[in-house]
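Comments concern the structure below.
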Amino acid sequence: MPDIRWSHRSCGNTVGRMQKIAVLGLGNMGAPIARRLAAHGFPVTAWSRTPRPVEGVAVAASAREAVRDAGIVITMLTDGPAVMSVVAGAELPPGATLVEMSTIGPDAVRDLAAALPAGVDLVDAPVAGSTGAAEGGTLRIFAAGTTAAVDRVAPVLATLGDVRRCGPSGRGAAMKVVLNTALVTALAALAEVLQVADDLGVPRDDALDALAAGPLGNAVARLSGSAGSKASFPVRLAAKDLALSVAGRDLPVAVAAGRHLAAADPSADLSTIAVSSPKGT
């Protein structure tokens, strides 16, 4: 059985402060992660394909420059292909530990591990929580890899939130797919419930207030931005995450959630969701 206990926040930052940290990707999540690490005394150098300044963070001209002499390299990028491309171009130094925090799924994590140069360890550590949680250090982090590798990066990750050890490499990515399936399908269910409320003449605010105390409470919080959720998540990324859930599985509820995403943003690429369903629903 994997150790899935939450780590204590009491672990100090001494180990992390002895190492340079590189953050690759300064989007909605990468920027606040880099900023928080720097604010807590870690030496951080970052890089992004779209250059942008981040308070307290040295921004490098290239991924290769950012990871030079880094002991820990964090990736927070759009998808698996982006992670593979950036990591390959960065040329991680021997002895570094790559902490992959994007949502890419366990198959992509295995491909990434196989592509890493000798002497580089991998911890897959995707997160639950949006930009507000990243800024406030309240992310839930699902870390997987060898015990030694996770121990090495634990002081850094503890600055960003609560760390849950999920077992061997790929288990963190798998846990994130499970959580995303629950969230996206719950949001789709909420959309249908609100349609019923509209049809019956129940004011939407009243319906949301009542639903907040029920099984769809988390979905209501994400929709309303309450409870510190401060969600900032484009539909195209939700579609990408949902495709990881549906791939090769008969999940009609998840496929139905894809229809709601399509209605919200017709430009989102949902072709993989439809194709992945064995029944083609």
Side-chain angles (χ1 to χ4, degrees), residues 7 9-79 82-83 86-87 89-90 92-93 96-104 123-143 150 152-164 172 176 221-222 225-234 237 241:
S7 70
R9 283 181 172 270
S10 58
C11 58
N13 290 344
T14 305
V15 175
R17 285 202 177 102
M18 294 170 62
Q19 305 181 74
K20 170 185 169 182
I21 300 172
V23 177
L24 305 181
L26 293 174
N28 288 336
M29 295 295 289
I33 284 173
R35 186 164 49 244
R36 182 171 179 83
L37 290 173
H40 281 72
F42 295 105
V44 180
T45 300
W47 170 85
S48 181
R49 284 182 286 193
T50 303
R52 64 191 68 185
V54 177
E55 183 181 355
V57 175
V59 179
S62 68
R64 185 180 303 177
E65 178 185 332
V67 306
R68 188 176 299 136
D69 301 322
I72 296 173
V73 177
I74 294 173
T75 48
M76 181 57 87
L77 299 159
T78 303
D79 53 25
V83 172
V86 169
V87 170
L92 274 59
T97 301
L98 174 61
V99 183
E100 206 308 287
M101 302 189 79
S102 323
T103 300
I104 63 175
V123 173
D124 53 295
V127 303
S130 193
T131 54
E135 291 165 356
T138 59
L139 292 168
R140 286 186 294 155
I141 303 167
F142 301 92
V150 176
R152 196 177 307 131
V153 301
V156 173
L157 296 181
T159 304
L160 303 173
D162 290 311
V163 182
R164 186 168 189 168
K176 182 61 189 299
R222 291 294 295 236
S226 61
S229 61
K230 194 180 178 182
S232 180
F233 197 57
L237 295 184
D241 289 353

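Keep in mind the model is a prediction, meaning the values are calculated, not measured.
Distance CG/Asn28 to CE/Met76: 10.5 Å, rounded to 0.5 Å. If you take OG1 on Thr103 and CE on Met29, they are separated by 8.5 Å, rounding to the nearest 0.5 Å. Taking CD1 from Ile33 and OG1 from Thr159, the interatomic distance works out to 11.5 Å, rounded to the nearest 0.5 Å. Taking CD1 from Ile72 and CG from Leu98, the interatomic distance works out to 11.0 Å, rounded to the nearest 0.5 Å. From Leu37, atom CG reaches atom CG of Leu160 across 4.5 Å, with rounding to the nearest 0.5 Å. Here Leu139 contributes atom CG and Glu135 contributes atom CD; the two are 10.0 Å apart, rounded to the nearest 0.5 Å.
Listed here is the closest heavy atom pair of Thr97 and Val153: CG2-CG1, 3.7 Å. Residues Arg49 and Ala82 share a closest heavy-atom pair of NH2-CB, 3.4 Å. Nearest heavy-atom pair across Ala38 and Gly56 is CB-O, 3.4 Å. In plain terms, the two heavy atoms of Val67 and Ala22 that are nearest each other are CA-CB, 3.9 Å. In terms of heavy-atom proximity, Phe42 sits nearest to Val156 at CE2-CG2, 4.0 Å. In terms of heavy-atom proximity, Pro93 sits nearest to Ala70 at CG-O, 3.7 Å.
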Step by step, would you call Trp47 with Val86 a side-chain contact (heavy atoms from CB on, under 4.5 Å)? CA-CA 10 Å; Trp47 170 85; Val86 169; 3.8 Å; yes
Intermediate values then yes/no, side-chain contact (heavy atoms from CB on, under 4.5 Å), Ile74 and Leu24: CA-CA 6 Å; Ile74 294 173; Leu24 305 181; over 6 Å; no
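Taking the side chain to side chain donor-acceptor pair (under 3.5 Å) definition, one finds that Arg52 meets it with nothing, sequence neighbours left out. The side-chain contact (heavy atoms from CB on, under 4.5 Å) test applied to Val150 returns Val123, Ala143, Arg165, not counting sequence neighbours. Every residue two or more places apart in sequence or in another chain that forms a side-chain contact (heavy atoms from CB on, under 4.5 Å) with Ala58 is listed here: Thr45.
In this structure, the side chain of Thr138 does not engage the main chain of Ala134 through any donor-acceptor pair within 3.5 Å. Under the 3.5 Å distance criterion, the side-chain polar atoms of Ser48 are left unmatched by any main-chain donor or acceptor of Pro51. Asp162 places no side-chain N or O within 3.5 Å of a backbone atom of Arg140 that could act as its donor or acceptor partner. For the pair Glu100 (side chain) and Ser102 (backbone), a donor-acceptor distance under 3.5 Å is present. Not a single donor-acceptor pair under 3.5 Å links the side chain of Lys176 to the backbone N or O of Met101. Side chain of Ser130 to main chain of Gly132: no donor-acceptor pair is present (N/O by atom type, distance under 3.5 Å, no hydrogens or angles).
Put simply, the side chain of Val99 does not reach to within 4.5 Å of the side chain of Val73, judged on heavy atoms.
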